[in-house]
Amino acid sequence: MAARRDQVIHLLRQLQRASCKCPAHSHTYSQAPVTGRKTEYAFEMAVSNIRYGENVTQEIGMDLQNLGARNVCVMTDRNLVELSPVKAVLNSLVKNNVSFKLYDRVRVEPTDKSFMDAIEFAKKGQFDAYVGVGGGSVIDTCKAANLYSSSPGADFLDYVNPPIGKGKAVTVPLKPLIAVPTTSGTGSETTGIAIFDYEELKAKTGIASRAIKPTLGLIDPVHTLSMPERVVANSGFDVLCHSLESYTALPYNMRSPCPTNPINRPAYQGSNPISDVWAKHALRIVAKYLKRAVRNPDDREARFAMHLASSFAGVGFGNAGVHLCHGMSYPIAGHVKTYRAKDYEVDHPLVPHGLSVVLTSPAVFSFTALMCPERHLEAAEILGADIRTAKIKEAGLILADTLRKFLYDLNVDDGLAAVGYTTEDIPALVKGTLPQERVTKLSPRAHSEEELAGLFEASMKLY
């Protein structure tokens, strides 16, 4: 591991020497605003209503009654449809005389085609409310179905993030949507984000609008008790990176351009004082409970805490955003060859989202620490590093080493090479990262294509 660490340090020092160190890329919240309002001057918080409690799913039928729903679309996937979370939802709907139709064809890691299949189902059903029961794939698919069935004349790419789509503002009223998350990772129950693979480009993109966030998220921790070990781990890595990336993102008042109309203010705005609170709180829970939740399925305290942490991190990143780990993860997932993750019952090769995100995290945070080293050092301390004698210039390497140990302890695959990639794939991975400017532009440190290539190379092996 020492030899590998030295190699990574060498690569990252090369990146550091090649990078911009101009004053515009060194920032704190206290900087004076740029004259002429070229950069942002405000931030706003948008989050779904959240209800937490053991067996709180039993209330969903009453919620839909209270909303006046008469024709409900329930969405899930084929693995979950026979399991207790979906049964609990359907039992509550039947008990409260709520009419519904079930759609169980959601794809794990959805694509534009799977989104469009769900959208077509929604348009034909003319539903007046939606329920998504599952992980982020299900809830995101449900958001898309609600959006496009409420805007039937829209082209699919109208609301998709640029540069792949047009990124139009959502101005149509949507139907109520209740999200029932069954994993502890995406935080999709709190956000106005829906992610999918755009198959033509083999890259992930998505829809980002406060208008599509769920009306209500029912956080029922009982649903996490049946999650397999690797699903718990990979979901938790998503929480880990949501927290780290939102806390270290470009500050909101450094983001440009400043919107001319508040409707154009992006959902991902940059780090801000409110998101910071949620990000750090979620990170502390990850540090304390993720290993326990992975190793012991009967540890109710740990599993329940991680379910809440997912939502906490969702409040943070859903308004601050994420940056390079997520931006680079999308081509890692999209270009998957033959890798099939343990504990995932799917009929296609799959690098789970949380795994694709966390594999680049040591290299990414070594790289970004130059711009806000205090935050990187604080994150390392939260994750267990002893920083009493640490030098500020070592913040990135300290956080990277802390992450490597954390991932090693949880038996994470040894870098991108372990999930099927070689250095020959780096140009395609870089190409797949470039369209992710919605998130990559929130990196606290500017980056070139060559620097992205260096980060992918540094992530080929972790240990």
Side-chain angles (χ1 to χ4, degrees), residues 106-120 136-137 140-141 143-145 147-148 154-168 170 186 188 193-209 212 238 241 245 266-268 321-341 346-357 359-360 364 416 419-443 447-457 459:
V106 171
R107 187 182 192 272
V108 178
E109 301 296 334
T111 66
D112 51 331
K113 291 179 181 177
S114 73
F115 263 20
M116 286 189 273
D117 185 74
I119 290 165
E120 186 62 25
S137 296
D140 287 3
T141 299
K143 292 174 185 176
L147 171 61
Y148 287 96
D155 179 76
F156 181 72
L157 291 179
D158 281 352
Y159 297 120
V160 173
N161 299 322
I164 292 174
K166 299 177 183 177
K168 288 185 177 179
V170 177
T186 68
S188 186
I193 311 296
I195 301 297
F196 65 93
D197 284 311
Y198 190 60
E199 292 188 306
E200 181 179 337
L201 297 179
K202 291 187 177 181
K204 279 191 186 289
T205 183
I207 303 160
S209 170
I212 69 172
D238 204 16
C241 288
E245 289 174 76
Y268 284 1
V322 287
H323 55 84
L324 290 180
C325 291
H326 272 76
M328 295 169 66
S329 80
Y330 297 146
I332 294 169
H335 287 263
V336 61
K337 301 173 185 177
T338 59
Y339 182 84
R340 291 178 183 259
V346 294
D347 60 1
H348 53 275
L350 174 70
V351 179
H353 173 64
L355 179 60
S356 69
V357 169
L359 287 175
T360 62
V364 163
L416 297 180
V419 299
Y421 290 103
T422 70
T423 54
E424 293 179 358
D425 297 308
I426 290 176
L429 293 172
V430 171
K431 183 178 178 181
T433 303
L434 297 179
Q436 313 304 331
E437 60 184 34
R438 175 181 64 93
V439 294
T440 57
K441 69 182 180 182
L442 289 175
S443 169
H447 48 276
S448 65
E449 292 183 37
E450 291 75 18
E451 287 167 333
L452 288 174
L455 293 175
F456 279 117
E457 183 178 356
S459 302

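This is a predicted model, so every value here is computed, not measured. All values below were derived from every heavy atom in this structure, side-chain atoms included, with hydrogens, water molecules and symmetry-related copies excluded. Numbers for residues simply follow the sequence, beginning at 1.
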Specify the closest pair of heavy atoms between [X] and [Y], including all atoms of both residues, with the distance to one decimal.
X	Y	result
Gly321	Tyr268	CA-CG, 3.4 Å
Ser356	Ile332	O-CD1, 3.6 Å
Leu324	His447	CD2-CE1, 3.7 Å
Val170	Tyr159	CG2-CD2, 3.7 Å
Thr360	Val357	OG1-O, 3.4 Å

Kindly say whether [Y] contributes a backbone atom to a donor-acceptor pair with the side chain of [X] at under 3.5 angstrom?
X	Y	value
Gln436	Met328	no
Asn161	Thr205	no
Tyr421	Val336	yes
Ser137	Glu109	yes
Lys143	Ile193	yes
Ser443	Thr440	no

Side chain to side chain, [X] and [Y], heavy atoms closer than 4.5 Å:
X	Y	answer
Asp197	Lys204	yes
Tyr339	Leu355	yes
Ile119	Phe156	yes
Tyr148	Ile207	yes

- Item | Residues in side chain to side chain donor-acceptor pair (under 3.5 Å) contact with His326, at least two apart in sequence or another chain |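 Here the qualifying residues are Asp238, His242, Glu245, His353.
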- Task: Under the side chain to side chain donor-acceptor pair (under 3.5 Å) rule, collect the residues that match up with Asp140, sequence neighbours excluded.
- Result: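 Partners of Asp140 by the side chain to side chain donor-acceptor pair (under 3.5 Å) criterion, ordered by chain and then number, come out as Ser188.
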- Message: Does Leu434 form a side chain to side chain contact (heavy atoms under 4.5 Å, CB included) with Leu452? I'd like the steps, not just the answer.
- Response: CA-CA 9 Å; Leu434 297 179; Leu452 288 174; 4.1 Å; yes
- Query: Less than 4.0 Å between a side-chain N and a carboxylate O, is that true for Lys337 and Asp425?
  - Reply: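 Looking at Lys337 together with Asp425, the answer is yes, because their closest N to O distance falls below 4.0 Å.
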